[in-house]
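Just below is one structure, and these are the notes that go with it.
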Number of protein chains: 2
Amino acid sequence: MARTKEFDPDAALQAALELFWRRGYEATTMANLVDHLGIGRASIYATFGNKHALYLKALDRYAETGNPRLLGELSRPGPALPAVRAVVRRFAAEAASEEERLTGCFVTNTAAELAPHDDSAARRVEVSWEHLETLLHSALVRAQAQGELADDRDPRSLARMLLVLTQGLRVVGKASSDPARVRDAAEEALTLLD
Amino acid sequence: MARTKEFDPDAALQAALELFWRRGYEATTMANLVDHLGIGRASIYATFGNKHALYLKALDRYAETGNPRLLGELSRPGPALPAVRAVVRRFAAEAASEEERLTGCFVTNTAAELAPHDDSAARRVEVSWEHLETLLHSALVRAQAQGELADDRDPRSLARMLLVLTQGLRVVGKASSDPARVRDAAEEALTLLD
DNA sequence: CTGATAACGGACCGCACATTCCAAAATAAG
DNA sequence: CTTATTTTGGAATGTGCGGTCCGTTATCAG
């Protein structure tokens with residue numbers, strides 16, 4: 001009946017995610033997207049709506065595919081505390097890397113750039129954080145049940161503290177040149193789990 | 001010899017700071033600045049250079065005048081730990097407030113929005129963080145000397161951890177609606193000082 | 001093969017932005 | 001008072017943006 005699409009919408013969305021992730025919302029122009037996705041302007045609009053809608057779709061995709069392996073460790077049976085430590089250390093390592101300077105966490109970036117004046121973006125950020133906090137919380141509860149964590153510790157506030165810390169790591173990593181700073185901060189926070 | 005300025009450059013800079021602080025760099029237009037400062041476009045350019053230079057001057061002003069009273073407590077003689085706790089709690093309270101959603105910490109905002117692709121802004125952010133870390137560090141060293149903090153704790157990594165945490169508080173506060181989250185996170189982190 | 005349909009690329013549009021220009025106004029020195 | 005000098009507000013400029021339009025091209029049903 002009609003001509004078929006010449007590009008893979010899924011791959012295009014992934015490419016858009018990469019670009020938004022690296023440069024942010026405002027700094028990414030439609031011309032950049034046309035170049036990077038390798039498809040025509042009109043096709044982008046026909047497929048994804050407008051720039052804002054495309055950004056939200058990219059954010060959704062990031063949230064869905066965002067490191068399922070690492071976070072999966074948090075809910076795997078067995079010792080829970082090592083998984084929590086691994087997640088925090090991973091955040092710190094990424095925050096300290098040179099590459100981080102240019103990318104960071106897409107959710108953190110969205111929180112800082114869009115959340116204050118964009119409700120639909122803020123909602124998604126909130127969902128992501130809620131998700132991570134819940135994952136950390138249940139891992140800590142499990143750790144407590146398994147005797148890895150003292151009974152007098154509060155898993156809820158520990159999870160919140162780790163969540164806030166990870167977001168801080170990403171922000172500090174964006175402008176701080178000294179990798180030791182984020183590493184020290186993470187290790188110090190992890191002593192709360194001893 | 002010539003006509004005198006009709007406005008106070010210092011007050012104008014303060015007004016520019018307020019605007020940049022509330023809306024960020026990109027979202028603030030020169031037209032907004034003209035309205036808010038109450039002076040003409042040409043006068044702004046003649047006095048401050050261009051938009052970017054004005055932002056940097058506003059950032060410098062923020063760093064100079066940024067809450068000297070609160071941070072001054074950190075170096076005042078007497079018990080040091082209560083001052084550290086007060087600073088962290090202040091950060092948390094501001095991050096949890098409704099107003100925070102719209103302002104946040106100007107340095108944190110700059111780190112997230114400009115630092116990745118603006119070296120001169122990144123340098124100033126780095127200086128501010130270095131300053132806060134140093135203040136916290138020397139307060140903790142003093143606390144240790146005065147027997148308020150156990151000798152086996154490391155003031156350097158504690159200071160770094162608190163610095164990263166405060167930045168995380170500001171970012172999370174920007175998009176998270178639950179004030180308890182940042183409050184719990186801060187209190188949990190402060191138990192590291194017990 | 002044929003025609004209806006949808007995707008394609010690139011030209012195009014209106015707008016908003018940062019920056020500059022200019023004529024009028026106001027000041028201070030002589 | 002006169003004149004040189006600077007400020008001032010508003011108009012003008014040029015650029016780059018997000019979004020749309022349209023002629024062309026490819027696909028599929030019959």
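First the proteins, then the strands, lettered A, B, ... as listed; each starts at 1. These numbers were taken from a predicted model, which means no experiment stands behind them.
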Distance, rounded to the nearest Å, where [X] contributes [atom1] and [N] contributes [atom2]:
{"X": "B:D8", "N": "D:dT8", "atom1": "CG", "atom2": "P", "value": "12 Å"}
{"X": "A:K51", "N": "D:dC17", "atom1": "NZ", "atom2": "P", "value": "9 Å"}
{"X": "B:I44", "N": "D:dG10", "atom1": "CD1", "atom2": "P", "value": "13 Å"}
{"X": "A:M30", "N": "C:dC12", "atom1": "CE", "atom2": "C1'", "value": "16 Å"}
{"X": "B:Y55", "N": "C:dC17", "atom1": "OH", "atom2": "P", "value": "18 Å"}
{"X": "A:H52", "N": "D:dC17", "atom1": "NE2", "atom2": "P", "value": "19 Å"}
{"X": "A:L33", "N": "D:dG19", "atom1": "CG", "atom2": "P", "value": "11 Å"}
{"X": "B:F48", "N": "C:dT19", "atom1": "CZ", "atom2": "C1'", "value": "17 Å"}

- Note on the structure: Contacts of B:G38 and A:E26 projected onto DNA chain D by closest heavy atom; the upstream (5') one is B:G38
- Return the 5'-most residue of the pair A:A31, A:A42 with respect to DNA chain D, ranking by each residue's nearest nucleotide.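 Taking each residue's closest nucleotide, the earlier one in sequence belongs to A:A31.
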- Message: Regarding B:T47, tell me which of base, sugar-phosphate or nothing describes its non-hydrogen contacts under 4.0 Å with the strands shown.
- Response: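 No contact at all - B:T47 keeps every heavy atom at 4.0 Å or more from the nucleic acid.
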- Task: Output yes when at least one side-chain N/O atom of A:N50 is less than 4.0 Å from OP1 or OP2 of D:dG19, else no.
- Result: yes
- Message: With a 4.0 Å limit, can you tell me whether A:S43 has a side-chain N or O closer than that to the phosphate oxygens OP1/OP2 of C:dC8?
- Response: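 Yes, such a contact exists.
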- Message: For B:T191 and B:D194, which I'm curious about, is there any donor-acceptor pair between the side chains at under 3.5 Å?
- Response: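 No, no side-chain donor-acceptor contact under 3.5 Å.
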- Message: For a quick check under 3.5 Å, do B:T28 and B:R23 share a side-chain donor-acceptor pair by atom type?
- Response: no
- Query: Is the count of non-hydrogen atoms from other residues, nucleotides or ligands lying under 6.0 Å from B:H131 atom NE2 greater than 12?
  - Reply: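 Counting neighbours around NE2 of B:H131, 12 or fewer heavy atoms of other residues, nucleotides or ligands fall under 6.0 Å, so no.
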- Message: Out of the candidates B:L132, B:V182, B:L162, only one should pair with B:F91 under the side-chain contact (heavy atoms from CB on, under 4.5 Å) rule; please name it.
- Response: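 So, applying the side-chain contact (heavy atoms from CB on, under 4.5 Å) to B:F91 and each of B:L132, B:V182, B:L162, only B:L132 qualifies.
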Among [options], which nucleotide sits nearest the side chain of [X]?
{"X": "B:I39", "options": "D:dG9, D:dC21, D:dG19", "answer": "D:dG9"}
{"X": "A:R41", "options": "C:dT19, C:dG9, D:dG18", "answer": "D:dG18"}
{"X": "B:F7", "options": "D:dT8, C:dT19, C:dC8", "answer": "D:dT8"}

- For the student: nearest non-hydrogen atoms of B:T110 and B:A121, plus distance: CG2-CB, 4.0 Å
